[in-house]
2 protein chains.
Amino acid sequence: MESAEKVAADKAAAAAKPRTRDAEATKARILDAAKREFAKNGLGGARVDVIAEKARANKRMIYHYFESKEGLFQTILENAYVDIRIAEQKMNLDHLAPKEALERLVRFTWDYYLKNPEFITLVNSENLHRAKHLKKSEVVKVYSRKFVSMVATILDRGVSAGVFRPGVDPVQLNITIAAIGYYYLTNRFTGSIVFERDLMAKDALEERLRFNIDTILRLVAA
Amino acid sequence: MESAEKVAADKAAAAAKPRTRDAEATKARILDAAKREFAKNGLGGARVDVIAEKARANKRMIYHYFESKEGLFQTILENAYVDIRIAEQKMNLDHLAPKEALERLVRFTWDYYLKNPEFITLVNSENLHRAKHLKKSEVVKVYSRKFVSMVATILDRGVSAGVFRPGVDPVQLNITIAAIGYYYLTNRFTGSIVFERDLMAKDALEERLRFNIDTILRLVAA
DNA sequence: GTAAAAAGTAACCAGATAGTGCATTAGCGA
DNA sequence: TCGCTAATGCACTATCTGGTTACTTTTTAC
């Protein structure tokens with residue numbers, strides 16, 4: 001390339017991408033790109049070079065900010081858990097009637113999984129690795145405790161009001177609420193083949209949500 | 001016998017008696033080793049060299065019999081589905097009272113997942129890959145149809161006998177029965193952290209099974 | 001017995017992959 | 001304006017990985 005051309009090209013590149021240094025923005029772009037890549041391919045299948053490219057960052061930056069591929073994964077996983085717990089807290093179910101609160105929770109869980117499919121895949125990947133990354137996180141435990149007690153409160157209120165039967169374990173209920181949505185969505189590909197229907201069709205999704213609400217309400221009904 | 005000892009013993013046996021050629025046995029050893037390796041590390045994380053070593057076979061044999069790593073995975077996945085469907089058919093639920101048949105099915109599903117944890121991991125891995133391998137299998141569809149109709153029959157008998165309410169979709173019921181066991185077990189590692197209890201303790205497993213049977217019976221109760 | 005087919009082996013390869021050493025530069029405080 | 005620090009970029013590598021080539025050994029068919 002001739003000198004004049006090169007200068008022109010450089011100017012064009014600079015104009016198109018006048019990259020100013022911004023650690024926070026770079027970190028954020030890396031986290032976002034990595035979340036997608038890890039969700040799509042799992043921890044083992046994700047490629048660091050791909051993450052760097054998608055983040056429009058140099059690979060060196062990933063190691064600069066996150067130490068290693070696993071360090072990056074751990075950060076993303078922790079963020080994912082904190083995000084869903086914060087969203088759950090924001091629901092503010094305490095002022096609702098118990099039945100309505102529970103229905104709202106089932107609906108929220110379902111919608112959250114639908115809108116944040118990477119959450120499911122990240123959790124799957126973490127369980128393949130026997131939760132070695134999540135084990136190190138204290139903040140996740142704190143948030144989880146709050147969540148369980150939220151459901152316990154709804155149950156208690158329902159029992160007092162005579163609309164729920166007593167003796168339902170809030171942890172088992174939590175697991176069940178998550179399970180009936182999570183399983184359907186994480187196994188949507190094999191499920192669509194096995195059951196020979198498109199599990200992700202609009203009608204199918206609505207039907208499943210109705211079924212799930214029904215399942216949970218019958219489970220706790222007095 | 002410990003795994004390491006077993007390998008050592010097998011090696012000694014092989015040295016003492018130069019292995020006779022046996023295509024079927026070699027294939028079987030490869031399939032067994034691959035099932036474990038794929039289940040442990042997923043399709044992407046599994047290593048062909050490790051499979052060959054565990055199978056005490058030459059890596060070339062894998063390509064000889066199964067074309068490629070993905071070909072091997074596909075065979076194993078198909079086998080896994082056929083195995084569970086055959087086991088389900090063997091339950092012979094038709095002569096049982098509807099309620100008991102349903103309880104038996106929930107119990108069977110739970111026990112099967114517990115005894116064959118690799119089934120869950122294989123399905124997870126396949127869904128990460130959008131079921132591209134299962135799509136190619138016709139035999140799985142045939143077996144699945146039989147399974148769905150088995151559950152439908154139980155439901156119909158229950159409705160006729162007046163013990164189940166009408167209108168329950170057998171596919172949704174199937175999915176739910178699988179979900180409440182599958183989710184608990186596949187997410188046992190993160191779950192044990194989030195809920196701060198050992199989900200795999202003997203008591204915990206028994207409690208979960210009871211809870212699941214209860215959930216399903218309440219769901220279909222007249 | 002023998003030749004062809006099948007089973008098995010070892011060494012190798014090209015491309016990919018996580019991770020690094022080192023130079024460069026922007027931005028900030030003084 | 002200067003100099004320091006943190007942000008960025010480039011080029012490189014040691015190792016791994018799926019897959020293959022070329023070969024030997026055993027079994028089978030006749």
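Every heavy atom of this structure was used, including side-chain atoms; hydrogens, water molecules and symmetry mates were not. Lettering follows sequence order; numbering is per chain, from 1.
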Quiz item: Roughly how many Å is it from CG in A:Asn58 to P in D:dT8, rounded to a whole number?
Solution: 9 Å
Quiz item: Please give, in whole Å, the distance from C:dA7 C1' to B:Lys27 NZ?
Solution: 12 Å
Quiz prompt | Interatomic distance where CG belongs to B:Asp49 and P belongs to C:dA11 [whole Å] | solution = 14 Å
Quiz item: Could you state the CZ-P distance from A:Arg60 to C:dC22, rounded to the nearest angstrom?
Solution: 11 Å
Practice problem: Test B:Glu70 against B:Lys132 for salt bridge (charged side-chain N to carboxylate O under 4.0 Å, His left out), laying out the working first. | Solution: CA-CA 10 Å; B:Glu70 293 214 16; B:Lys132 63 182 278 206; 3.3 Å; yes
Quiz item: So A:Phe119 and A:Tyr113, would you call those rings parallel, tilted or perpendicular, with 30° and 60° as cut-offs?
Solution: parallel
Quiz item: How would you label the contact of A:Ala46 with the nucleic acid (heavy atoms, under 4.0 Å): base, sugar-phosphate, or nothing?
Solution: sugar-phosphate
Practice problem: Run the ring-centre check on A:Tyr143 versus A:Phe147 and record whether the distance is less than 6.0 Å. | Solution: no
Quiz item: Looking at the side chain of B:Ala23, which of C:dT9, C:dG21, C:dA7 is the nearest nucleotide?
Solution: C:dA7
Quiz item: Given atom CD1 of A:Ile51 and atom C1' of C:dT17, what is their separation to the nearest angstrom?
Solution: 12 Å
Quiz prompt | Nucleotide D:dT8, atom P - distance to CD of A:Glu24 in whole Å | solution = 11 Å
Exercise. Using only heavy-atom distances, decide whether a donor-acceptor pair under 3.5 angstrom links the side-chain of B:Lys59 to the base of D:dG19.
Key: yes
Quiz item: Would you say a side-chain N or O of A:Ser68 is under 4.0 Å from OP1 or OP2 of C:dA18?
Solution: no
Quiz item: B:Arg47 side chain: which of D:dG19, C:dA18, D:dG18 is closest?
Solution: D:dG18
Quiz item: Between D:dG18, D:dT8, C:dA18, which one does the side chain of A:Tyr65 approach most closely?
Solution: D:dT8
Self-check item: Gap between atoms CE and C1', on A:Met61 and C:dA26 respectively (whole Å)
Solution: 13 Å
Exercise. State, without any angle test, whether A:Arg104 and A:Thr109 hold a side-chain donor-acceptor pair at a distance under 3.5 Å.
Key: no
Quiz item: B:Tyr63 has a side chain; which of D:dT20, D:dT17, C:dA18 sits nearest to it?
Solution: D:dT20
Exercise. Quick one: sort the A:Phe73 and A:Phe38 rings into parallel, tilted or perpendicular, breaks at 30° and 60°.
Key: perpendicular
Quiz item: Taking only side-chain nitrogens and oxygens of B:His64, does any of them come within less than 4.0 Å of OP1 or OP2 of C:dG8?
Solution: no
Practice problem: Return the value, rounded to whole Å, for the distance between atom CD1 of B:Ile62 and atom C1' of C:dT9. | Solution: 14 Å
